[in-house]
Amino acid sequence: MKKTLLLAGVAGLLASNVYASEVKPYVGLDYIYSGIDFEDSSDESVFEDNLSSLALSAGARLHKNFGMEAFYQQSESADKNILGVADSKIKFKAYGIDAIGYLPLDNQLELLGTIGLAQYDADVTASVPAAGIYGSESEDGLGVRIGAGVQYNINEQVALRATGRYVFTDIDGVDGLTEFSAGIRYSF
């Protein structure tokens with residue numbers, strides 16, 4: 001009888017661990033406001049340094065305190081006209097993966113910490129007709145992303161998320177990006 005109760009207890013513990021580690025896949029959509037930190041501050045007078053973008057994500061909550069998320073982000077094409085004598089345009093796309101740590105505060109509210117790696121591809125165009133300068137250039141580089149945020153779980157399927165993040169990147173002429181995002185996640 002004791003062995004039966006012991007085996008039933010062990011089976012119950014194993015079953016509860018399987019349930020606790022249930023993987024919850026999800027998809028998400030975010031609006032992101034990005035501020036570009038140029039290496040040379042004079043670039044801020046030539047190029048727009050604030051861009052809006054959208055990001056699609058797919059991830060999985062692997063544990064109540066840990067998840068992984070892949071994303072694709074595309075920015076707007078931000079134009080800047082300099083005193084009517086010059087024009088510039090800048091845009092970027094990024095894709096990568098983030099590890100996310102969750103700290104539940106209650107049944108609905110959670111704090112988030114993120115760290116990830118992404119590939120950033122930027123396209124830059126400048127035109128100064130008076131000087132005969134016309135050109136475009138593409139730059140790319142890896143970025144290490146570190147962030148923190150909050151997630152509000154409306155129910156088991158829908159959550160709202162807001163995060164702030166800094167991206168350390170090796171794109172020529174750029175020190176990094178400061179990003180603020182707000183979005184929605186739908187779990188399956």
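Predicted, not measured: the structure shown is a model, and the values here were computed from it.
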Do Val46 and Val124 land in one hydrophobic cluster if side-chain heavy atoms of ILVMFWY residues count as linked below 4.5 Å?
yes
For Thr125 versus Ser136, what's the shortest heavy-atom pair and its separation?
OG1-CB, 3.6 Å
Pairwise distance CG(Leu177) to OH(Tyr33) - rounded to 0.5 angstrom:
12.0 Å
If you apply the rule side chain to side chain contact (heavy atoms under 4.5 Å, CB included), what do you find for Ser57 with Arg185, and how did you get there?
CA-CA 9 Å; Ser57 60; Arg185 299 292 182 276; 3.7 Å; yes
Could you tell me the separation between the CZ atom of Phe71 and the CD1 atom of Ile32, rounded to the nearest 0.5 Å?
7.5 Å
Report yes or no: does Asp121 contribute a side-chain atom to a donor-acceptor pair with the main-chain N or O of Asp140 at less than 3.5 Å?
no
Do you know which two heavy atoms are closest between Gln119 and Gly141, and how far apart they sit?
NE2-N, 3.5 Å
Would you say the side-chain atoms of Glu76 pair up with the backbone N or O of Ser52, donor to acceptor, closer than 3.5 Å?
yes
Under 6.0 Å from the six-membered ring centre of Phe180 and within 45° of its axis: does the NZ or CZ of Arg165 meet both?
no
What I want to find out is whether Glu179 reaches Arg145 closely enough, with some N-O distance under 4.0 Å, to be called a salt bridge.
yes
Within the 4.5 Å heavy-atom criterion, are Leu112 and Thr163 side-chain neighbours or not?
yes
Measure from the ring center of Tyr166 to the ring center of Phe168 and say whether it is less than 6.0 Å.
yes
Indicate yes or no: does Glu69 engage Arg161 in a salt bridge with an N to O separation below 4.0 Å.
yes
According to a hydrophobic-cluster definition based on side-chain heavy atoms being under 4.5 Å apart (Ile, Leu, Val, Met, Phe, Trp, Tyr only), do Ile184 and Tyr186 belong together?
yes
Side chain to side chain contact (heavy atoms under 4.5 Å, CB included) between Leu117 and Val144, intermediate numbers included
CA-CA 5 Å; Leu117 188 64; Val144 175; 4.1 Å; yes
Can you confirm whether Lys24 is buried at NZ, in the sense that more than 12 heavy atoms of other residues, nucleotides or ligands lie under 6.0 Å from that atom?
no
Test Leu56 against Val27 for side chain to side chain contact (heavy atoms under 4.5 Å, CB included), laying out the working first.
CA-CA 8 Å; Leu56 295 172; Val27 293; over 6 Å; no
Mind checking whether Met68 and Arg61 have side chains closer than 4.5 Å, heavy atoms only?
no
Taking all atoms of both residues into account, what is the closest heavy-atom pair of Ala99 and Phe66, and its distance?
CB-CE1, 4.0 Å
Is a side-chain donor-acceptor pair under 3.5 Å present for Ser138 with Asp123?
yes
Please round to the nearest 0.5 Å and tell me the distance separating atom OG of Ser181 and atom CG of Leu29.
10.5 Å
Examine the side chains of Ser53 and Gln74 and answer whether a donor and an acceptor come within less than 3.5 Å of each other.
no
Report yes or no: does Thr169 contribute a side-chain atom to a donor-acceptor pair with the main-chain N or O of Leu142 at less than 3.5 Å?
yes
Go through the steps to decide whether Gln108 and Gln151 satisfy the test side chain to side chain donor-acceptor pair (under 3.5 Å), and finish with yes or no.
CA-CA 8 Å; Gln108 293 180 302; Gln151 179 167 295; over 6 Å; no
Answer whether the closest heavy-atom distance between the side chains of Val158 and Ser187 falls below 4.5 Å.
no
With a 4.5 Å limit on heavy-atom distance, are the side chains of Thr178 and Asp37 in contact?
yes
Name the orientation class of the two ring planes belonging to Phe92 and Tyr120 (parallel below 30°, tilted from 30 to 60°, perpendicular beyond 60°).
tilted
For Asp40, look at atom CG and say whether over 12 heavy atoms of other residues, nucleotides or ligands are found less than 6.0 Å away.
yes
Would you check if Ile36 and Leu51 make a side-chain contact, meaning some heavy-atom pair closer than 4.5 Å?
yes
Report yes or no: does Asn153 contribute a side-chain atom to a donor-acceptor pair with the main-chain N or O of Ala159 at less than 3.5 Å?
no
Is Ile154 linked to Leu109 within one hydrophobic cluster, defined over Ile, Leu, Val, Met, Phe, Trp and Tyr using a side-chain heavy-atom separation of less than 4.5 Å?
yes
Applying a strict under-4.5 Å side-chain criterion to I, L, V, M, F, W and Y, I'd like to know whether Val167 and Phe38 cluster together.
yes
If you define the side chain from C-beta out and look only at heavy atoms, does anything of Ile82 sit under 4.5 Å from Asp87?
no
Under a single-linkage definition using a 4.5 Å side-chain heavy-atom cutoff for Ile, Leu, Val, Met, Phe, Trp and Tyr, are Ile171 and Phe47 assigned to the same hydrophobic cluster?
yes
